[in-house]
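Scroll down for the structure; my scribbles are underneath it.
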Amino acid sequence: MAKIVTLEEKIAKAVENARKKAEAEGLDEATTQEMVNEAVEKAKAAYEKSAKEKIASYTVHVKNNPDFCGIGAGGIQFANGEATVTSGRMAEWFREHDGYEVITK
């Protein structure tokens, strides 16, 4: 499974790369700071775009027990045979097992 990279990690890496590039090019501190600021803004924009694309929601229906209320696999709470999950991994688990219908929102 892919490692989840935090915004702070993305920013730290962007700063490091910008500073290395500026040093290799022999830039002064003011120009280096401009490069760092630009890299940080790009990292933030990329992170926000990625976060928006990854957030998905799934509705899981219990086919054989439409009145089920309780805790299902992975600690998912069902009410009246339905649960909402945001984990793609959990949605896949329910898809792979008989008795469930998964709808992507």
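Predicted model only: the values in this text are computed from it and were never measured.
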To the nearest 0.5 Å, how far apart are [atom1] in [X] and [atom2] in [Y]?
X: L7; Y: K44; atom1: CG; atom2: NZ; answer: 7.0 Å
X: I11; Y: E41; atom1: CD1; atom2: CD; answer: 8.5 Å
X: N80; Y: D67; atom1: CG; atom2: CG; answer: 6.5 Å
X: N65; Y: Y100; atom1: CG; atom2: OH; answer: 9.5 Å
X: R19; Y: M35; atom1: CZ; atom2: CE; answer: 10.5 Å
X: Q33; Y: L27; atom1: CD; atom2: CG; answer: 12.5 Å

task = Step by step, work out the salt bridge (charged side-chain N to carboxylate O under 4.0 Å, His left out) result for R95 and E92.
result = CA-CA 5 Å; R95 279 190 182 108; E92 281 305 309; 2.8 Å; yes
Is there side-chain contact between [X] and [Y], with at least one heavy-atom pair below 4.5 Å?
X: I71; Y: Q77; answer: yes
X: N17; Y: K21; answer: no
X: T84; Y: K105; answer: yes

request  = Considering only Ile, Leu, Val, Met, Phe, Trp and Tyr, and joining two whenever side-chain heavy atoms are under 4.5 Å apart, list the other residues clustered with I103.
outcome  =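 ILVMFWY cluster around I103 holds nothing else.
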message = Ring-plane angle category for F78 and F94, please: parallel below 30°, perpendicular beyond 60°, tilted otherwise.
response =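 Ring orientation, 0 to 90° scale: perpendicular.
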What are the two closest non-hydrogen atoms of [X] and [Y], and how far apart are they?
X: A91; Y: V102; result: O-CG2, 3.7 Å
X: A18; Y: A39; result: CB-CB, 4.0 Å
X: G74; Y: M90; result: CA-CE, 3.8 Å
X: Y47; Y: T6; result: CE1-C, 3.8 Å

inquiry  = Would you say CD of E23 has more than 12 non-hydrogen atoms from neighbouring residues, nucleotides or ligands within 6.0 angstrom?
reply    =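 Counting neighbours around CD of E23, 12 or fewer heavy atoms of other residues, nucleotides or ligands fall under 6.0 Å, so no.
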ask   = So, E16 and K20, do they make that salt bridge, N to O below 4.0 Å?
value =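 A salt bridge is present here (some side-chain N lies under 4.0 Å from a carboxylate O).
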